[in-house]
**Student:** 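Let me give you the structure first, and then I'll get to my questions.
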Amino acid sequence: MKHHIEELLRHALQGLKATGALPADAAVAVEVERGRAREHGDFASNVALTLAKQARVKPRELAQKIVQALPASEKVAKVEVAGPGFINFFLSPAAFFGVVPAVLAAGESYGRSAVGAGAPVQVEFVSANPTGPLHVGHGRGAAYGATVANLLDAVGFKVHREYYINDAGRQMDILAASVWLRYLELCGEQLVFPSNGYKGDYIYDIGAALHRESGDQFRHPAAAVFRDIPPDEPQGGDKERHIDALIERAKGLLGPAAYRRVFDLGLKIILADIRQDLEEFGVVYDQWFSERSLIENGAADRAIERVKASGHVYEKDGALWFRSTDYGDEKDRVVVRENGQKTYFAHDIAYHMDKLERGFDRVIDIWGADHHGYVPRVKAALAAIGDDPGRLDVLLVQFAILYKGGERAQMSTRSGEFVTLRELRREVGNDAARFFYVLRKCEQHMDFDLDLAKSQSADNPVYYVQYAHARIHSVFRQLKEKGWSHDRANGERHVTRLMEPHEMALMTQLLRYPETVETAALAHEPHQLAHFLRELAHDFHTYYNTHTFLVEDADLRDARLCLIAAARQAIANGLTLLGVSAPESM
RNA sequence: GCGCCCGUAGCUCAGUCGGAUAGAGCACCAGCCUUCUAAGCUGGGGGUCACAGGUUCGAUUCCUGUCGGGCGCGCCA
């Protein structure tokens with residue numbers, strides 16, 4: 001509908017250019033928005049205000065000319081010039097009534113569109129280090145990313161959902177060492193666990209799995225493990241040097257093959273856990289992309305070569321540096337360390353190179369806001385190797401702070417004292433978690449009130465929306481109990497009877513649904529859809545309270561049932577995009 | 001210190017590319033169940049859009065500065 005109004009305006013402006021009322025080269029950016037107040041109509045445009053200067057006419061005068069040049073449309077009942085020069089459009093009743101059969105005919109596809117034109121888009125999200133279970137911070141990225149992907153899919157993009165597995169690097173070595181040490185304890189060795197190791201209970205579980213699988217095969221005396229290892233922090237040493245030495249000792253004592261078995265077992269178990277966690281949360285990927293594969297198949301080397309070939313590199317202190325400051329980064333970055341190892345950044349260049357080579361029109365990365373400083377260097381690298389950094393969008397998701405009984409919940413993976421996503425899901429349910437996570441725009445810090453999310457009350461927006469859906473089902477159950485049935489065709493013939501203000505409001509909201517999905521998708525803002533659904537539910541609840549649907553007059557009854565069936569469809573479609581269930585009864 | 005994000009009602013937050021009288025939910029107050037689920041509805045009070053300048057027909061929105069909060073500034077990932 002919005003696009004229809006925009007089209008009418010464009011026609012009018014073309015006409016005015018043809019007659020010379022507007023300069024032929026006037027920049028035409030037609031803006032149409034929903035009128036805020038009723039008296040401002042259903043749609044309003046400020047084109048006359050923005051073009052007045054170029055046309056050298058007073059805004060109101062220009063607005064009048066535009067209105068006269070507007071082509072007739074059966075969907076528009078009235079057009080007015082108002083205020084300083086706004087053009088207000090009032091839709092005809094036909095435009096409202098049409099939405100009911102339109103929704104019912106479209107069914108699950110109502111709100112879907114083709115603006116994306118099948119363009120391939122990749123959405124990479126969560127991508128948490130496989131060093132432990134997902135915590136509640138990852139949950140927001142998961143819900144947000146999954147919903148952005150769903151929205152893009154709904155408006156016609158070909159969406160590829162991907163998880164980048166950080167299965168290389170020091171953190172994973174720390175995990176492997178942590179697992180091995182817990183395993184040694186289970187073998188009966190007495191040792192002091194490193195302060196910088198992973199201390200969560202799940203490490204014992206993996207150690208136990210290793211022991212079940214391999215018995216004492218990887219056992220070494222604690223004395224041999226800790227011989228000549230530099231002291232840990234509590235003993236006055238450096239915790240980083242301590243853990244690094246333990247990693248080297250593990251590799252030495254176990255040998256490459258056995259070390260790899262320990263390493264891979266930890267990776268496998270944790271990854272399986274993450275995967276299951278996300279699946280239960282309704283988050284499913286097309287691809288799990290391994291960082292290690294970039295090293296093993298030479299992509300990382302190839303990336304380094306391309307950066308070198310760009311000339312934006314130099315050697316310093318034995319390391320290879322990428323001069324990212326050439327592209328506006330605040331300092332240069334190491335890509336190959338003094339010890340010959342490539343940095344995480346080097347792998348990330350290779351990964352993004354690979355993404356673009358795979359032919360995505362747009363690549364969307366969803367990162368935690370703590371990685372914001374990382375954006376310029378990745379874009380710089382893409383620019384240096386001749387790729388277009390404009391194809392990469394990085395969306396930063398702020399942390400969610402959990403409140404429980406008014407108190408903040410602390411989280412830190414290393415110490416093992418964190419609230420996991422799984423715990424959150426168990427506590428508030430998947431639906432509330434998915435809904436709450438996308439209720440705020442991503443760059444907003446979010447206070448996640450666990451007590452509210454879990455409360456089965458009117459305060460809880462997710463129940464409010466779901467209840468509207470369930471209530472409509474309930475009406476149809478009542479219909480049967482009264483021995484009636486719904487004649488949809490008859491209802492559609494009599495939609496013109498739906499003249500009550502509540503009915504008009506509900507139809508207006510239904511008309512807005514496709515616009516909302518499109519706007520939310522293109523702006524990557526799921527919260528717009530969440531807020532829309534609450535409003536739609538409100539429009540239904542007020543209607544429900546004011547009018548009886550199951551009236552004796554069959555024509556009116558059928559028409560009303562068509563309307564609420566359409567509302568039910570729109571709510572269900574919207575909730576599905578959010579990954580929230582639409583229950584038939586509550 | 002530098003960089004990024006944020007600051008809107010008592011609380012949590014919307015506010016589309018600069019537009020018309022700044023909105024919603026919660027909380028608070030007053031009402032509504034012989035009627036399709038009261039997990040609902042109706043009405044009411046509540047604002048220096050952090051502060052100070054600037055840009056213009058017009059600023060919550062754009063620019064500069066100040067204050068306050070979060071995050072980042074490794075040859076970690």
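Chain letters run A, B, ... following the sequence lines, proteins first, then strands; residues in each count from 1.
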**Student:** Across all strands, who's sitting opposite C13(B) as a Watson-Crick or G-U wobble pair, both distances under 3.5 Å?
**Tutor:** G23(B)
**Student:** Check if the side chain of His445(A) and the base of C6(B) share a donor-acceptor pair of N or O atoms closer than 3.5 Å.
**Tutor:**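 No, the side chain and the base share no sub-3.5 Å donor-acceptor pair.
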**Student:** Does a nitrogen or oxygen in the side chain of Gln398(A) sit under 4.0 Å from OP1 or OP2 of C4(B)?
**Tutor:** no
**Student:** Got Leu450(A) and Leu424(A) here, is their nearest side-chain heavy-atom distance under 4.5 Å?
**Tutor:**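 Yes, at least one pair of side-chain atoms sits under 4.5 Å.
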**Student:** Can you tell me the Watson-Crick or wobble partner of G31(B), both distances under 3.5 angstrom?
**Tutor:** C41(B)
**Student:** If we take the C1' atom in both U8(B) and G68(B), what is their distance in whole Å?
**Tutor:**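 My reading of the C1' atoms in U8(B) and G68(B) gives 15 Å.
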**Student:** Given that Lys441(A) and Glu240(A) both sit by RNA chain B, which one's nearest nucleotide is further toward the 5' end?
**Tutor:**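 Of the two residues, Lys441(A) wins.
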**Student:** Report which part of the nucleic acid Phe476(A) touches: base, sugar-phosphate, or nothing (heavy-atom distance under 4.0 Å, all strands).
**Tutor:** nothing
**Student:** Find which nucleotide of RNA chain B each of Val475(A) and Ala168(A) is nearest to by heavy atoms, and output the residue with the more 5' nucleotide.
**Tutor:** Val475(A)
**Student:** Quick test of the criterion, 5.5 Å between centres and less than 30° between planes. Is His40(A) stacked on A20(B) or not?
**Tutor:**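 Yes, aromatic ring over the base.
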**Student:** Which part of the nucleic acid does Ala369(A) contact within heavy-atom distance under 4.0 Å: base, sugar-phosphate only, or nothing?
**Tutor:** sugar-phosphate
**Student:** Does any N or O donor sit under 3.5 Å from an N or O acceptor when you compare the side chain of Asn46(A) with the base of G19(B)?
**Tutor:**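 Indeed there is one.
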**Student:** Check if the side chain of Asn88(A) and the base of A20(B) share a donor-acceptor pair of N or O atoms closer than 3.5 Å.
**Tutor:** yes
**Student:** Is the NZ or CZ atom of Arg568(A) positioned over Phe476(A)'s six-membered ring, under 6.0 angstrom from the centre and within 45° of the axis?
**Tutor:** yes
**Student:** By the 4.0 Å heavy-atom rule, please label Glu535(A) as base, sugar-phosphate, or nothing.
**Tutor:** nothing
**Student:** Taking side chain as C-beta onward, heavy atoms only, is Leu533(A) less than 4.5 Å from Leu578(A)?
**Tutor:** yes
**Student:** Look at the side chain of Tyr463(A) and the backbone N and O of Lys454(A), then say whether any donor-acceptor pair between them is shorter than 3.5 Å.
**Tutor:**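 Between the backbone of Lys454(A) and the side chain of Tyr463(A) there is no qualifying donor-acceptor contact (under 3.5 Å).
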**Student:** By a 5.5 angstrom centroid cut-off and a 30 degree plane limit, is there stacking between Phe86(A) and A20(B)?
**Tutor:** yes
